[in-house]
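Read the structure below first, then the notes.
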Amino acid sequence: MHKRRLHNFFTVKNNLWHLVLISLGLFLSALAGGCSGGAEKRDDSDVFKVGLLSPGPVNGQGWTQIAYEALLKIEKELGAQISYVEVEQSPALFERAFRDYASQGYQMVLGHGFEFQDAALAVAKDYPDTWFFISSSKIHEGNVVGVDSDSSQPFYLMGIAAAKMGRGAGLIGGVEIPPITNAFIGFTNGVRSVNPDFPISTTYLGSWTDAAAAKEAALSMIAEGADFIIPDADAAGSGVYQALNETGPGYWSFGIYNDYTSQAPNNMMGNYFNDYGQGLVNIARQVRAGNFETQSNLVFGVKDRDVIWVEFEEGRASAEVLESVEKAIEGIIAGSINTLAPIR
Amino acid sequence: MAPPSAAVAVALLVGGILLLFAGYSPLKAYAVMWTGAFGSLNNLAETLLKSTPLILIGSGLAVAFRSGIWNIGAEGQLYAGAVAATLAGIVFTGLPAFLLVPLVLMAGMLSGAIWGGLAGFLKVRFGASEIVTTIMLNFLAIIATSYLVTGPMIEAVGKFPQTAQIADAARLPRILLPTRLHVGFLLSLGVAVATYLLLFKSSRGYALRTVGISPDAARYAGINVGAGLLAAMAISGGVAGLAGAVEVTGLTFRLYQEISPGYGFDGIAVALLANNNPIGVIFTGILFGALRSGSEVMQMNAQVPSVLVSVIQGVVLLSAAALGVFRITQTNNQEE
Amino acid sequence: MDPLVIVSFLAAVLAATWRLATPFIYTSLGEVFSERAGVLNIGLEGVMLIGAFTAFSITFFTGSPVWGLAAAMAGGLTCGLLFAFLTVSLKANQIVVGAAFNLVGLGLTSFLYRSIFSGRMETAREYASFSPLEIPLLSRLPFFGEALFQQNLMVYATPFVVLAGAFVLYRTAFGLSVRSTGEHPRTVDAAGLPVGLIRYASVLIGCALAAVGGAYLTVAHTNQFNEGITSGRGFIALAVVVIGRWSPWGAFFISLLFGFFYALQLRLQAVSGITIPYQFLQALPYLLTLVVFVTLRKRADAPSALGVPYKSS
């Protein structure tokens, strides 16, 4: 016992000593780095630079992927220098990422989610030459501009198709947040416009990754009699397509944000495409030219036909359904249909 | 032997091999990481900001681990603290800063202490393994926070899953303008020193360490083992709760679903790597803070996925384990 | 409510219950062995992820989920070997190593997934997996036919694996030495049995089964990998072991119970008119664990040498 104590004593000291050495080294070089920091700056002010703060892995399906693809599109079409960072889901870290990009002379930084709003506002005042765009936000304050894709509109169209062709609908969301709940409100309004008694059930997984849970949720909705099951749950969503694929023909879904036909080839009524990239390229082009200005936040909807559209698979929806969908698009653009009208 | 530094070297080597495998230049990636962590005043401040919760949590956990109780629940205790601090910061808007700031921090600390103390109580009263109960309490705190910010505490405008902002007077002052570094960092240093004094320079600390080394010997010496374990859980929980309160009052100013990117789990590594010595925690906390902070910049400027940092941190722990850093902290509390 | 409706509701929940319980069953059964021998592995989540990723990538490249599963087991055994080397041979702290496994498991699988599969995401999602096997006639039984006789192989296998586990643990000399090693390693040592070797074997079983539990998610229940797909299941398995009183059948039934809660919450949400916040249903398994501790009152029958490295003197 006594010997062990003694040993402890020395180990503690020994470890501490090494830690002190490491830290001293870190601090010294930090100081050195701090002094030489200015010299590193290269003059690349003529390069158009665009940064992205992604709330999750950029290769996740759905939401996080559309922003990454948008970034790649900006790189390709505008020759921009791009960069992204996956900030862990901690708002405390966002401000730093914004500041880093802005201080490196990025002209445009996209925070992909409402949660980036506070951080952008805190940073934006110090960097008037950078535009800060915030996805699914309604903000417009100086150089901080919300960019929203109104998913309730395409979901409204899907609702029309479901109510005209199916027996019941199931909606499977990742987490209960406004972008998802709004999409589901749109769907419900679409359904109600056709048949107010059409059954709709909703399940939230509480996760963006749990594909197994999504699959089970879909199977249980099928057992309850639903035949249109639509996910809005990023990577977890493909569990839904798998459930449909295994259940067989006669059960339908839509690809969300991208073409997911390959995952359940016999069960896709169509795909909702969100080419956020195209929308952002349109904005980025103006930012690069230096003539971007706006009086309000920006909202993409079905009016922006190159950004948001629903494509039905050949021969699966009748001409009558397609016609009602077209009519609804016109109504939404004209303002006679409010896809976000409160339910009940 | 130089265990901690060797462990870091091994981890960087493993990380380097992975980087090579994925087609990146390890040297370039690490250089960028280094600059990202320490290369400018702002980067240094960001590193210290990330170290702040780690130092706090690590100091508290050092007390728990030295007392022989395995608190894996700092993450949940941090959430409990953040919730209470936010609530206090929203409700008591009328108070002046010199009253409100301590009040908000105390609220966080108390809430974390209760959340941690609960696991201590279950251990002492029912013999429930604190390893399992604290893991369960982590999930419960995170789920409860998710419920609160989407339901009862959701902001009035916007309806995004977040609370309203806390009062201006509840916010921690910044100490190194123009950076975001706030007084919470100094607080964390103070807490580290205080827990060090408690553990190694006080009779209570001696009693706690005796409980940790041998509960039977402690009992024989007339020490109330149950009370000691409860106190150790409450202290470590309270400090983790304080870390949550500091995040809210120093950085985010409101509560979100995921207020912590896993500080509670990193804190375990920080405490153990420092051999459960709170003074050592200051350095290991800064080391882990630098790894996280640097990896973010590495992703921005060298496009290396920042998940690599988890591998590096994990390997630091593994190689430190292999090199025998933690052998002395082994206790047999499970027999308790 | 119409009894027929209730029965069919239950039948459907039951089918989902078994599928959702399967990863818990494999993982917790393995951990029973590990803990019975006195080694606590809180790194199950990391090992599951490694199993999930290995199974996914090998199945993707070979087209065979059987190879994928085998590779996952190999991956699990590798993890087990490392874990046992550190905690048994070097007597490193088990909590530290477990925590490190979780960090490495998540980081490594995410990093490799991106390095190997980035840009091939679309194709990576379509590959063979264990698909449901209908047992003729029985699967047509009313109500419970689907629950019991339309599952995939890995689901069917669970009671048999647990049976085998229980047999080994209670009816073989090896099982006896595992159980004794967790209770009184010194006695085992005095009897001339190799404590270290027994712990190695138990940890290897534990990690191999945890990897199988992870593999189930990517090659049987769904056919995809995504970062963090285990979604905390490794931690639930730890709770299962405790509530199941460190016994294989206990782990089996508690896994089913947790699977039932999981299935029920997904299903209850979909039934309109029930408006419990989904977070409450998510919290149920964790709350239950705490309640079990309080209501059982008597000290948990944890192996008394759990978490303590053995030093022969």
Side-chain angles (χ1 to χ4, degrees), chain A residues 56-62 64-65 68 72 86 168-173 175-176 199-226 229 234-243 245-247 258-265, chain C residues 5 8-9 11-13 15-17 19-20 22-23 52 110 113-114 117-126 129 131-132 146 150 152 216-218 220-233 259 262-274 277-279 281-283:
Chain A
V58 290
N59 60 5
Q61 293 175 45
T64 52
Q65 196 176 0
Y68 181 55
L72 295 179
E86 292 155 0
L171 300 169
I172 296 174
V175 175
E176 198 173 356
I200 305 169
S201 58
T202 308
T203 295
Y204 290 100
L205 304 172
S207 161
W208 304 107
T209 57
D210 199 340
K215 184 179 175 185
E216 289 301 341
L219 289 174
S220 84
M221 285 169 167
I222 289 169
E224 292 282 330
I229 318 283
D234 288 8
S238 57
V240 172
Y241 302 134
Q242 206 183 344
N245 197 27
E246 281 174 18
T247 308
N258 261 314
D259 187 347
Y260 288 110
T261 311
S262 64
Q263 296 203 9
Chain C
V5 174
S8 64
F9 176 87
V13 170
T17 294
R19 285 191 294 268
L20 286 164
T22 296
S110 304
Y113 182 53
R114 287 173 195 211
F117 292 99
S118 68
R120 281 196 282 161
M121 293 298 301
E122 285 309 317
T123 48
R125 283 191 215 104
E126 304 151 39
S129 65
S131 43
E146 194 220 327
Q150 256 186 59
N152 67 58
Y216 168 81
L217 291 173
T218 53
H221 202 169
T222 71
N223 60 353
Q224 61 165 321
F225 179 85
N226 53 59
E227 294 173 24
I229 189 169
T230 47
S231 307
R233 287 183 172 81
Y262 214 148
L264 192 67
Q265 71 106 341
L266 290 175
R267 189 136 185 125
L268 278 181
Q269 280 195 57
V271 178
S272 48
I274 298 180
Y278 68 92
Q279 290 97 344
L281 294 161
Q282 282 182 337

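A, B, ... follow the sequence lines: proteins, then strands. Residue 1 opens every chain. Nothing here was measured: the structure is a model prediction, and the numbers come from that model.
- C:A220 and A:K215 get closest at one heavy-atom pair: O-NZ, 4.3 Å.
- The CG atom of C:L217 sits 7.5 Å away from atom CG of A:D210, with the distance rounded to the nearest 0.5 Å.
- In this structure, chain C has no heavy atom under 4.5 Å from any part of A:V240.
- When every heavy atom of C:Q224 is checked against every heavy atom of A:S238, the shortest pair comes out as NE2-OG, 2.6 Å.
- The line from CD of A:E86 to CZ of C:R114 is 3.5 Å long, rounded to the nearest 0.5 Å.
- Of all non-hydrogen atoms in A:Q242 and C:N223, the two that sit nearest each other are OE1-N, 3.0 Å.
- Contacts with chain C were tallied for A:A217, A:P199, A:G206, A:A223; A:G206 has the most, counting heavy-atom pairs under 4.5 Å.
- Heavy-atom distances place no part of A:L171 under 4.5 Å from chain C, backbone and side chain included.
- In this structure, C:L266 and A:T203 approach most closely via the heavy-atom pair O-OG1, 3.4 Å.
- Heavy-atom minimum distance, C:H221 versus A:A212: ND1-CB, 3.5 Å.
- Heavy atoms of A:E176 lying under 4.5 Å from chain C belong to its backbone as well as its side chain.
- For the pair C:N226 and A:A211, the tightest heavy-atom approach, listed with the atom from each and the gap, is ND2-CB, 4.4 Å.
- In terms of heavy-atom pairs under 4.5 angstrom with chain A, the leader among C:A263, C:S231, C:G232 is C:S231.
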